[in-house]
Chemist: 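Got a structure here, written out as structure tokens. Questions coming.
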Amino acid sequence: MSEQLRSIRGIHDGLPAEVRRWRYIEEVAQGVFARYGFCEVRLPVLEPTALFVRSVGSNTDIVSKEMYRFEDQGGDDICLRPEGTAGSVRAYLQAGLTRSGAQRWFYIGPMFRRERPQKGRLRQFQQIGAEWFGVSGPAEDVEILAMAHAFLDELGIADLTLEINSLGCPACRPAYRDKLLAFLKQRSDDLCGTCHTRMDTNPLRVLDCKTASCQAQLNDAPEMIAHLCADCQSHFDTLISGLQALDIPHRINPRIVRGLDYYNRTAFEIITGKLGAQGTVLAGGRYDGLVEEQGGPPTPAIGFAAGLERLAMLLPEIADTQADVAVIALGDAVSAYALKIADQLRRGGCRVIHCGGGSAKRQFKLADRERARFVAVIGEDEMHAASLRLKDMQSGEQVDVSVQTAIAQCRSMTAS
RNA sequence: GUGGAUGUAGCUCAAUGGUAGAGCCCCGGCUUGUGAUGCCGGUGGUUGUGGGUUCGAGUCCCAUCAUCCACCCCA
């Protein structure tokens with residue numbers, strides 16, 4: 001046990017109880033996204049390192065210190081993808097889809113970041129993401145937020161808040177950034193150490209520092225939302241009125257800052273208070289410059305990603321599907337006949353477990369533990385009569401019936 | 001990467017520095033073709049790992065690893 005091989009730190013197994021939740025979430029996602037016209041894509045887990053350095057930004061934590069990065073046997077610099085958007089853009093360009101109209105994609109798959117594990121934070125985790133290429137209007141922003149909202153709503157997760165902000169664009173952000181930096185410099189003596197480094201790397205990040213002393217200094221800090229250019233302002237206004245028209249609850253949070261370099265204009269997060277410090281369950285925004293930055297034509301785009309494991313933590317346990325019939329074989333003489341009965345029941349659409357022989361008591365205990373609805377008792381008498389004895393485990397009643405009757409009985413009892 | 005808490009049976013947990021236990025689970029039995037409750041029995045541990053102190057360490061000390069929580073960051 002002490003020398004037992006373990007999974008890598010922060011990389012967990014998906015065992016049946018967990019996978020039941022994942023599948024439920026995936027099925028809801030596929031259903032909702034299809035209603036918005038989104039198609040599933042399956043993209044590589046391994047990508048060239050340069051893709052993320054260029055797209056996500058070399059100064060971000062994700063790229064600078066969290067990537068699983070290595071040189072393969074051929075000398076190529078590759079890595080396990082830390083997020084899904086960069087690869088989606090790459091695939092979109094590589095497939096030559098820039099003149100094929102708007103593309104609506106979604107994906108489900110594992111991402112990798114080498115961080116210190118914590119509640120809701122794993123080194124291998126799964127994201128359900130959506131990317132929409134070739135659309136620039138606030139209407140699409142509203143639509144994709146509506147889709148995210150419908151997804152979480154249909155999952156039945158309560159107490160979520162949608163927070164939304166505008167990060168401006170290359171026309172208005174630089175001026176704002178300078179203004180913020182000037183403001184911060186005036187108070188730099190009162191800001192914490194990490195905020196000082198943030199002033200160099202990403203000044204906007206200072207705004208959502210959790211240190212109380214910092215927040216005290218930031219009450220009247222300038223906010224991007226008050227310094228938008230005319231285009232960004234009207235985009236944002238139209239987006240908000242769209243959300244209101246659809247009755248999607250939301251809160252404007254001028255302090256939202258997305259960590260990845262490629263975002264512009266619309267940025268949003270959907271947050272729960274039930275996951276401790278890792279409360280962001282879904283997040284995304286607009287990335288109008290990214291396609292062009294990867295060498296494609298100017299192409300606006302918007303997307304989001306949700307953390308599958310985080311969503312799963314907010315869901316109740318999903319009961320295992322129970323067997324319809326447990327086959328109990330009494331005596332070695334009937335074992336072949338019992339196997340055949342089990343096979344026929346399965347061909348008839350029943351979920352069947354075979355109790356493996358042995359004493360009747362043992363097999364009944366097993367059937368009970370598996371919560372089988374019915375037991376098919378098969379002994380020599382039944383074999384000679386070409387029948388089986390079907391016992392209803394709830395009522396205790398049992399009758400001798402043919403396989404066909406047993407199938408009909410099981411399906412009628414378990415269909416409802 | 002930084003801090004804090006915790007590591008004893010498959011699981012949940014006991015054990016004033018003096019022979020490692022309980023409950024649950026699992027396996028078997030209670031006259032051999034009938035389950036849930038009951039009764040009896042059984043399997044299962046180098047006490048995370050490696051050092052140290054001591055006549056003696058699950059217990060004290062150091063290191064290390066893992067898990068959890070927080071910082072950082074983010075889904």
Side-chain angles (χ1 to χ4, degrees), chain A residues 1-12 25 56 60-66 82-85 108-130 148 152 192-195 197-198 201-202 205 208-211 256-260 268-272 275-284 303-314 326 328-331 334 355 357-383 388-398:
Chain A
M1 171 185 176
S2 53
E3 300 193 3
Q4 196 176 350
L5 246 27
R6 294 183 52 90
S7 66
I8 294 167
R9 177 172 206 194
I11 298 185
H12 293 184
I25 295 168
V56 180
T60 59
D61 281 13
I62 288 177
V63 169
S64 64
K65 47 191 183 194
E66 295 175 1
E83 57 96 52
T85 299
I108 303 172
M111 306 294 165
F112 304 82
R113 294 180 196 170
R114 199 185 180 287
E115 303 178 84
R116 191 87 172 253
Q118 197 182 319
K119 185 186 183 75
R121 195 170 77 180
L122 300 165
R123 288 182 171 184
Q124 175 177 340
F125 60 101
Q126 299 174 86
Q127 283 190 337
I128 298 183
L152 298 173
C192 70
T194 45
C195 277
T197 47
R198 282 194 272 240
T201 56
N202 189 350
R205 278 236 90 91
D208 65 357
C209 180
K210 285 169 192 160
T211 311
I256 286 186
V257 181
R258 309 265 48 242
L260 284 43
F268 53 89
E269 295 183 359
I270 296 179
I271 298 168
T272 175
L275 291 180
Q278 252 59 44
T280 304
V281 131
L282 183 152
F304 67 76
L308 184 56
E309 288 85 352
R310 288 187 186 176
L311 291 173
M313 282 191 280
L314 299 172
I328 290 182
L330 299 172
V334 302
C355 294
S359 78
K361 177 159 292 207
R362 190 195 79 81
Q363 295 189 74
F364 265 93
K365 280 186 174 175
L366 213 120
D368 196 56
R369 193 165 64 225
E370 301 269 355
R371 301 187 354 268
R373 185 68 181 74
F374 293 97
V375 158
V377 186
I378 296 163
E380 294 192 36
D381 293 347
E382 287 79 8
M383 181 169 70
L388 56 87
R389 175 161 290 192
L390 191 68
K391 175 166 182 176
D392 183 323
M393 292 295 272
Q394 281 173 22
S395 67
E397 291 169 19
Q398 43 190 343

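Numbers restart at 1 for each chain; the letters A, B, ... are given by sequence-line order, proteins then strands.
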Chemist: Scan nucleotides 24-41 of chain B nucleotide by nucleotide, 5' to 3', and note B when protein non-hydrogen atoms come under 4.0 Å of the base, S if they reach only the sugar-phosphate, - if neither.
Modeler: --SSS----BBBB-----
Chemist: Measuring only the P atom in each nucleotide, how far is B:C11 from B:U47? A whole number of Å is fine.
Modeler: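 The same atom, P, in both gives a distance of 16 Å.
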Chemist: In whole angstrom, give me the gap between the C1' atoms of B:U12 and B:U54.
Modeler: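 Nearest-Å result for B:U12 against B:U54 at atom C1': 33 Å.
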Chemist: Determine yes or no for a side-chain-to-main-chain donor-acceptor pair under 3.5 angstrom, with A:Q126 supplying the side chain and A:I108 the backbone.
Modeler: no
Chemist: Applying salt bridge (charged side-chain N to carboxylate O under 4.0 Å, His left out) as the test, list every pair that has at least one member in residues 361-372 of chain A; sequence neighbours left out.
Modeler: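 Matches after skipping sequence neighbours: none remain.
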Chemist: Applying salt bridge (Lys or Arg N to Asp or Glu O under 4.0 Å), can you list everything that pairs with A:R114, at least two apart in sequence or on another chain?
Modeler: none
Chemist: Between A:F364 and A:V375, does a side-chain contact (heavy atoms from CB on, under 4.5 Å) hold up when you go through it step by step?
Modeler: CA-CA 8 Å; A:F364 265 93; A:V375 158; 3.9 Å; yes
Chemist: Classify the side-chain pair A:Q278/A:Q118 by whether it contains a donor and acceptor separated by less than 3.5 Å.
Modeler: yes
Chemist: Can any side-chain N or O of A:R389 pair as donor or acceptor with the backbone N or O of A:V377 at less than 3.5 Å?
Modeler: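 Side chain of A:R389 to backbone of A:V377, a donor-acceptor pair under 3.5 Å: no, none is there.
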Chemist: Scan nucleotides 66-75 of chain B nucleotide by nucleotide, 5' to 3', and note B when protein non-hydrogen atoms come under 4.0 Å of the base, S if they reach only the sugar-phosphate, - if neither.
Modeler: SSSSBBBBBB
Chemist: Only Watson-Crick and G-U wobble pairs with both distances less than 3.5 Å should count. Give RNA chain B in dot-bracket notation, marking inter-strand partners with |.
Modeler: (((((((..((((....[..)))).(((((.......))))).....(((((..]....))))))))))))....
Chemist: How far does the P atom of B:U2 sit from the matching atom of B:A63, given to the nearest Å?
Modeler: 14 Å
Chemist: Could you tell me whether a side-chain N or O of A:Q363 sits under 3.5 Å from a main-chain N or O of A:A360, the two making a donor and an acceptor?
Modeler: no
Chemist: Going by salt bridge (Lys or Arg N to Asp or Glu O under 4.0 Å), name the residues that satisfy it together with A:E66, two or more places apart in sequence or in a different chain.
Modeler: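 Salt bridge (Lys or Arg N to Asp or Glu O under 4.0 Å) check on A:E66 returns nothing, list empty.
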Chemist: Expressed in whole Å, how much space separates the C1' atoms belonging to B:C24 and B:A9?
Modeler: 12 Å
Chemist: Roughly how far apart, to the nearest Å, are B:G21 and B:G3 at atom P?
Modeler: 39 Å
Chemist: Any side-chain heavy atom of A:E115 within less than 4.5 Å of one from A:R121?
Modeler: yes
Chemist: Using the C1' atom on both, measure B:C25 against B:G18 and round to a whole Å.
Modeler: 32 Å
Chemist: Take atom C1' in B:A57 and the same atom in B:A20, then report the distance between them in whole Å.
Modeler: 13 Å
Chemist: Any salt bridge linking A:R373 with A:D392? Criterion: basic side-chain nitrogen under 4.0 Å from a carboxylate oxygen.
Modeler: yes
Chemist: Taking the C1' atom of each, how far is B:U49 from B:G58, in whole Å?
Modeler: 14 Å
Chemist: Indicate yes or no: does A:K391 engage A:E397 in a salt bridge with an N to O separation below 4.0 Å.
Modeler: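 Judged by the 4.0 Å cut-off on N to carboxylate O distance, A:K391 and A:E397 do not form a salt bridge.
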